[in-house]
Trainee: 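Right, I'll just put the structure down here and ask away after.
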Amino acid sequence: MAKDRRVPREKGLDNSLALMQEGYLYIPNRCRQFQSNIFETRLLGQKAICMSGEEAAKVFYDNDRFQRKGAAPKRVQKTLFGVNGVQTMDGASHHHRKQLFMSLMTPKRLQVLKDITAEQWQASMTEWERQGKVVVLEESRKILYRVGCKWAGVPVEEGKVAQHARDLGSMIDAFGAVGPRYQRGRLARNRMEQWARQIIKDVRSGKWKPSEETAAYAMAFHRDLNNKRLTTQMAAVELLNIIRPIVAIASFITFGAMAIHQHPEVREKLWADADNYRQLFVQEVRRFYPFGPFTGARVRRNFTWQGYSFKKGTLVLLDIYGTNHHPEIWEEPEQFRPERFQTWKGSPFDFIPQGGGEYEMGHRCAGEWVTIEVMKTSLAFLSRMDFRVPAQDLSIRLSRMPTLPKSRFIITDVSR
Ligand code: HEM
């Protein structure tokens with residue numbers, strides 16, 4: 001029998017500090033150093049295997065070998081995901097819950113989403129023209145909060161838009177944080193869960209009647225495998241698993257707006273959309289700019305892969321950012337070049353900004369089409385706008401997770 005290969009091991013009792021210091025580059029830096037797409041380390045007091053690249057993604061998304069139970073740290077659940085949400089489930093109960101999400105992603109509902117998105121940008125453009133200065137991240141979050149609520153069948157209270165958009169932003173902003181940024185995320189989640197629970201109660205009591213095709217209706221009346229309704233709390237968590245990530249698209253829109261500013265030649269092409277240019281551009285924004293750094297799972301049973309042995313229970317992190325910039329996959333990965341997607345083969349494992357593998361049975365993001373459509377519509381609007389970009393700090397710190405341009409991208413003198 002072939003001897004087991006040894007996984008390269010990073011020295012140190014615990015390397016969480018290095019992870020916090022290097023952020024998105026923590027895994028890629030070590031893969032380069034070890035000349036290996038796999039290495040072992042210790043993070044948060046436990047052994048962890050980090051993996052990068054297409055082959056790594058293929059094995060990571062094998063449900064037979066990996067599970068999510070016990071993988072997402074409680075601090076991420078208490079800010080970003082919500083405790084015991086779909087992200088933490090496995091097997092038949094995961095599949096059943098995932099179908100609830102996937103049932104909302106029909107072509108008809110995506111068209112409704114596109115229409116709402118265009119309507120909201122149209123209305124906000126008038127507002128932006130009046131404002132002297134616009135912080136693109138913050139204003140986009142407000143637009144997308146309205147989009148998310150309207151699409152999900154949730155009432156929008158105008159007086160609360162700014163606070164709710166800020167709270168959802170804080171939940172997203174907390175996932176790699178410690179200290180005050182983490183605390184802000186937790187408090188924001190508490191407030192938003194309370195709000196979402198009330199919506200679920202109102203839908204169940206008939207006080208608020210959303211269309212049956214919406215997320216609010218689906219979450220309120222979904223039945224689990226035992227034919228039981230979700231608890232109010234669980235339904236609220238899953239409703240937020242629709243609205244929060246729609247607001248998160250504001251980060252990609254901010255990056256996309258920056259890309260339009262830094263590559264002015266794309267404006268015309270984005271607007272004309274010949275040869276599917278918007279699609280190419282949106283894909284390159286999702287590949288190039290940092291958002292999800294990595295995702296985690298635990299080994300379900302002992303197995304050997306490429307000669308390396310994986311022990312049941314081990315935490316494994318799949319490198320999202322590094323795979324999207326992997327030199328074995330992408331030519332000149334550090335260049336922003338939408339045209340590269342003209343020849344992309346469409347593998348579910350080499351381009352993984354929102355996870356890889358399958359939608360129905362796996363944990364790949366349920367909202368990938370939503371993200372792409374909302375980005376296309378939003379960036380088409382931005383490509384049509386004239387604006388000035390005053391002096392500001394547009395640097396993107398890869399040590400911060402999640403990261404954004406330091407200034408959140410400020411524009412002035414907006415006109416259509
Ligand atoms: C802003 C852009 C987005 C990014 C970067 C993103 C990223 C991700 C990532 C990395 C995962 C986990 C994949 C894994 O662990 O294997 C995920 C899962 C998920 N996403 Fe997204 N996502 C985005 C937008 C959305 C939207 C718009 C929705 C819903 C409307 C959504 C709903 C979900 C759900 C429900 C899951 C859990 C799937 C499961 O565990 O089976 N996401 N997303």
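All residue numbers in this chain count up from 1 along the given sequence. Indexing begins at 1, ligand by ligand and atom by atom, following the structure's order.
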Trainee: Which atoms of ligand 1 have any heavy atom of F291 under 4.0 Å away?
Mentor: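 Answer, ordered by atom number: 1 (C), 5 (C).
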
Trainee: In terms of side-chain geometry, is the basic nitrogen of E22 or R30 positioned less than 4.0 Å from the acidic oxygen of its partner?
Mentor: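 Yes, E22 and R30 are salt-bridged.
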
Trainee: Atom 12 (C) of ligand 1: which protein heavy atom is closest, and how many Å away?
Mentor: H363 O, 3.9 Å

Trainee: Donor-acceptor pairs under 3.5 angstrom involving side-chain atoms of residues 247-258: please list them, not counting sequence neighbours.
Mentor:
residue, atom, partner, partner atom, Å
T254, OG1, A250, O, 2.7

Trainee: Which of parallel (below 30°), tilted (30 to 60°) and perpendicular (above 60°) describes W195 and Y145?
Mentor: tilted

Trainee: Any heavy atom of G362 closer to ligand 1 than 4.0 angstrom?
Mentor: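 G362: in contact with ligand 1 (<4.0 Å).
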
Trainee: If we ignore angles and hydrogens, is there a donor and acceptor under 3.5 Å between the side chains of Q233 and E193?
Mentor: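 Per modelled atom types, Q233 and E193 side chains form a pair under 3.5 Å.
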
Trainee: Table please: side-chain donor-acceptor pairs of residues 214-221 below 3.5 Å, with sequence neighbours left out.
Mentor:
residue, atom, partner, partner atom, Å
T214, OG1, S211, O, 2.7
T214, OG1, Y217, N, 3.4

Trainee: Taking only heavy atoms of V370, which atoms of ligand 1 are found under 4.0 Å from at least one of them?
Mentor: 27 (C)

Trainee: Run down the list I172, I320, I372 and name the one with the heavy atom closest to atom 10 (C) of ligand 1.
Mentor: I320

Trainee: Under the side-chain hydrogen bond (donor to acceptor under 3.5 Å, both in side chains) rule, what pairs show up with a residue in residues 269-282, not counting sequence neighbours?
Mentor: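 Qualifying pairs: K269-E339, Q279-K376.
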
Trainee: Any side-chain to backbone donor/acceptor pair from H326 onto E328? Under 3.5 Å, distance only.
Mentor: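 Confirmed, H326 side chain pairs with E328 backbone.
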
Trainee: For the residue pair F351 and W330, does the interplanar ring angle fall in the parallel (under 30°), tilted (30 to 60°) or perpendicular (over 60°) class?
Mentor: perpendicular

Trainee: Anything under 30° is parallel, anything over 60° is perpendicular, the rest tilted; go ahead and classify W344 against F341.
Mentor: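 Because their plane-to-plane angle is over 60°, the rings of W344 and F341 count as perpendicular.
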
Trainee: Between W151 and ligand 1, is there a nitrogen or oxygen pair with a distance under 3.5 Å?
Mentor: no

Trainee: With heavy atoms only and a cut-off of under 4.0 Å, state how R68 meets ligand 1: side chain, backbone, both or neither.
Mentor: side chain

Trainee: Using 30° and 60° as the class limits, which term best fits the ring planes of F336 and F281: parallel, tilted or perpendicular?
Mentor: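 Because their plane-to-plane angle is over 60°, the rings of F336 and F281 count as perpendicular.
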
Trainee: Go around atom 21 (Fe) of ligand 1 and count every protein N, O or S atom nearer than 2.8 Å.
Mentor: 1

Trainee: Only heavy atoms count here, so choose which of W369, F252, Y359, F60 is nearest to atom 2 (C) of ligand 1.
Mentor: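 Answer by nearest heavy atom: F252.
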
Trainee: Please determine whether the number of non-hydrogen atoms from other residues, nucleotides or ligands lying under 6.0 Å from atom CD of Q335 exceeds 12.
Mentor: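 Check passes, neighbour count above 12.
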
Trainee: Within a distance under 4.0 Å of any heavy atom of N241, pick out the atoms of ligand 1 and give their elements.
Mentor: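 Listed by number with element, the hits are 29 (C), 32 (C).
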
Trainee: Per the ring pair (Phe, Tyr, Trp, His ring centres under 6.0 Å) rule, which among Y61, F303, W305 passes with F66?
Mentor: F303

Trainee: Give the residue, atom name and distance (to 0.1 Å) of the protein heavy atom nearest atom 16 (O) of ligand 1.
Mentor: Y61 OH, 2.6 Å

Trainee: What protein heavy atom is closest to atom 41 (O) of ligand 1, reported as residue, atom name and distance in Å?
Mentor: H94 NE2, 2.7 Å

Trainee: Note the single closest protein heavy atom to atom 15 (O) of ligand 1, along with its residue, its atom name and the distance in Å.
Mentor: T295 OG1, 2.6 Å

Trainee: Which ligand 1 atoms are under 4.0 Å away from a heavy-atom of Q87?
Mentor: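 Taking each heavy atom of Q87 in turn, ligand 1 has 37 (C), 40 (O) under 4.0 Å.
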
Trainee: Within a distance under 4.0 Å of any heavy atom of I249, pick out the atoms of ligand 1 and give their elements.
Mentor: 1 (C), 27 (C)

Trainee: Can you classify the ring geometry of F39 versus F34 as parallel (below 30°), tilted (30 to 60°) or perpendicular (above 60°)?
Mentor: tilted

